[in-house]
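Pasting a structure below so you can have a look.
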Amino acid sequence: MSVHNPQSELPLRDRTEAGRMLADRLRAYAGRSDAIVLALPRGGIPVGAEIAAALELPLFVFVVRKLGVPGHDELAMGAVATGGRTLMNQAIINSLHISQYEIGLVVERELRELERRQRLYCRGRQMPDLRDKIVILTDDGVATGSSMLLAAQAIRAAGAAYLVLAVPVAPVETVSQLHRVANQVVCLATPEPFVAVGACYEDFRQVDDHEVCQILDGLLEHEAA
């Protein structure tokens, strides 16, 4: 099931508003002991924090790192996710004759960065076991959906019982792709033509590590109160 309206929700004021609007559409999961919210950093954290707070669910960060082609980092030859799961684009690797040695160097570098971010964002907590869990995975929007698709595959591989992908904005064709890996897709808007995620927001300023940590610490303080 997908909940979306092509234009009426746009522009979104900011990521906080987007999270609150998504939370309204996810009320069925409020307070469930078997449910958890996972957010992709960094832009997905403010969105996920609003969903987690509104539904009284725990929030954890799920990191995905692109594996850039050597010398052309903007071109992805694959990606790696929390837990070390990798997804490789063999067509690009073969067409550019990228060696296993070169691939290994990039994977090693991105795994180090992934682990650094995971340590920073976990705030002293261990990532919970996802087996038999309802997982709500969110971001501030998707374009190609590659990071979310990899994250979804990794979450499935970890044994999640039910996967909900909740995004503020996405192209229609990407929503169709997300349906193939999720039990439910909730999307606020699918504008056509789709220019960029940032074009759907009034305020799309960059989220840095400091802000991510502030948001996560605030949630933990609220849970402990």
Side-chain angles (χ1 to χ4, degrees), residues 12 14-23 26 35-53 55 57-68 76 78-87 110-111 113-123 125 127-128 130 133-158 160 163-171 174-175 177-179 181-188 196-198 200-201 204-216 219:
L12 298 163
D14 55 20
R15 295 178 179 89
T16 298
E17 180 184 72
R20 289 172 181 164
M21 292 171 70
L22 284 170
L26 295 164
I36 184 174
V37 179
L38 298 181
L40 298 182
R42 296 182 180 97
I45 308 304
V47 179
E50 293 299 324
I51 295 171
L55 304 186
L57 298 176
L59 171 70
F60 287 83
V61 178
F62 199 87
V63 183
V64 177
R65 295 288 299 172
K66 180 178 72 175
L67 301 173
V80 61
T82 290
R85 183 179 176 84
T86 57
L87 179 68
E110 293 304 333
L111 274 174
E113 176 60 16
L114 183 148
E115 289 163 2
R116 182 196 73 81
R117 290 194 182 200
Q118 200 69 53
R119 285 193 302 271
L120 178 64
Y121 299 155
C122 75
R123 314 311 288 158
R125 301 177 299 167
M127 173 68 74
L130 300 181
K133 286 282 198 301
I134 297 170
V135 176
I136 300 170
L137 176 66
T138 192
D139 201 354
D140 55 11
V142 296
T144 65
S146 57
S147 294
M148 182 155 279
L149 286 167
L150 175 67
Q153 290 175 15
I155 290 164
R156 285 289 199 199
L163 178 59
V164 182
L165 302 183
V167 294
V169 295
T174 300
V175 170
Q177 288 183 313
L178 296 179
H179 272 296
V181 296
N183 299 98
Q184 182 182 2
V185 178
V186 178
C187 182
L188 299 176
V197 171
C200 301
Y201 286 84
F204 197 67
R205 72 188 74 178
Q206 186 174 1
V207 180
D208 60 20
D209 280 345
H210 178 68
E211 183 177 350
V212 167
C213 292
Q214 280 189 316
I215 291 170
L216 295 171
L219 278 177

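All residue numbers refer to positions in the sequence shown, counting from 1. Just so it is clear, the structure is predicted and the values come from calculations on it, not from any experiment.
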Original post:
To the nearest 0.5 Å, how far apart are CZ in Arg85 and CG in Leu150?
Top reply: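 If I round to the nearest 0.5 Å, the distance is 7.0 Å.
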Original post:
Nearest heavy-atom pair of Pro168 and Gly141: which atoms, and what distance?
Top reply: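 Shortest heavy-atom separation between Pro168 and Gly141 comes out as CD-N, 3.8 Å.
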Subject >> Carboxylate-amine/guanidinium proximity below 4.0 Å for Glu113 and Arg116 >> reply: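 Salt bridge between Glu113 and Arg116, a charged N being under 4.0 Å from a carboxylate O: yes.
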Original post:
Minimum heavy-atom separation for Ala152 to Leu163, with atom names?
Top reply: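 Where Ala152 meets Leu163 most closely, the heavy atoms are CB-CD2, 3.7 Å.
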Subject >> Note, Pro46 side chain near Val207 side chain (heavy atom, < 4.5 Å) >> reply: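 Yes, their side chains come closer than 4.5 Å.
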**OP:** Applying side-chain contact (heavy atoms from CB on, under 4.5 Å), run through Met21 and Leu12 and close with a yes or a no.
**Re:** CA-CA 10 Å; Met21 292 171 70; Leu12 298 163; 3.7 Å; yes
Original post:
Is the number of heavy atoms from other residues, nucleotides or ligands within 6.0 Å of CZ (Arg123) greater than 12?
Top reply: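 Counting other residues, nucleotides and ligands, CZ of Arg123 exceeds 12 neighbours.
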Original post:
Looking at side-chain heavy atoms only, is the closest gap between Leu57 and Ile136 below 4.5 Å?
Top reply: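 Yes, their side chains come closer than 4.5 Å.
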**OP:** Locate the shortest heavy-atom distance separating Val61 from Met127; write the atom from each residue and the value.
**Re:**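 Scanning both residues, the minimum pair turns out to be O-CE, 3.2 Å.
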Subject >> Short side-chain to backbone donor-acceptor contact, Tyr201 and Asp140, under 3.5 Å >> reply: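 Yes, because the side chain of Tyr201 sits within donor-acceptor range (under 3.5 Å) of the backbone of Asp140.
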**OP:** Please report the C-alpha distance between Arg42 and Asp209 in whole Å, then the side-chain angles of each, then the deciding distance to 0.1 Å, and finally whether the salt bridge (charged side-chain N to carboxylate O under 4.0 Å, His left out) criterion is met.
**Re:** CA-CA 7 Å; Arg42 296 182 180 97; Asp209 280 345; 2.8 Å; yes
Original post:
Roughly how far apart are Gln184 CD and Leu26 CG, rounded to 0.5 Å?
Top reply: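 Atom-to-atom, Gln184:CD and Leu26:CG are 7.0 Å apart.
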Subject >> Euclidean distance, Arg125 CZ relative to Leu59 CG, rounded to 0.5 Å >> reply: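 Here the interatomic distance stands at 7.0 Å.
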Subject >> Interatomic spacing from CZ in Arg117 to OG1 in Thr82 - rounded to 0.5 Å >> reply: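 Result: 11.0 Å between the selected atoms.
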Subject >> Leu40 vs Met148, side-chain contact (heavy atoms from CB on, under 4.5 Å): CA-CA, chis, key distance, verdict >> reply: CA-CA 8 Å; Leu40 298 182; Met148 182 155 279; 4.2 Å; yes
Original post:
What are the two closest non-hydrogen atoms of Thr138 and Ile51, and how far apart are they?
Top reply: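 Distance-wise, the nearest heavy atoms are OG1-CD1, 3.9 Å.
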Subject >> Side chain to side chain, Leu149 and Leu87, heavy atoms closer than 4.5 Å >> reply: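 Side chain of Leu149 against side chain of Leu87, heavy atoms only: no contact under 4.5 Å found.
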Original post:
Does Ile36 reach the side chain of Pro128, with side-chain heavy atoms less than 4.5 Å apart?
Top reply: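 The answer is yes; the side chains approach within 4.5 Å.
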Original post:
What are the two closest heavy atoms between Glu50 and Ala23, and how far apart are they?
Top reply: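 Answer, listing the atom of Glu50 first, then Ala23: O-CB, 4.3 Å.
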Original post:
What's the spacing between Phe62 CZ and Leu130 CG if we round to 0.5 Å?
Top reply: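 That separation rounds to 7.0 Å.
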**OP:** For Arg15 and Arg205, work out which heavy atoms get closest and say how close.
**Re:**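 Between these two residues, the closest heavy atoms are NH1-O, 2.7 Å.
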Subject >> Arg20 side, atom CZ; Leu22 side, atom CG - distance, nearest 0.5 Å >> reply: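 If I round to the nearest 0.5 Å, the distance is 12.5 Å.
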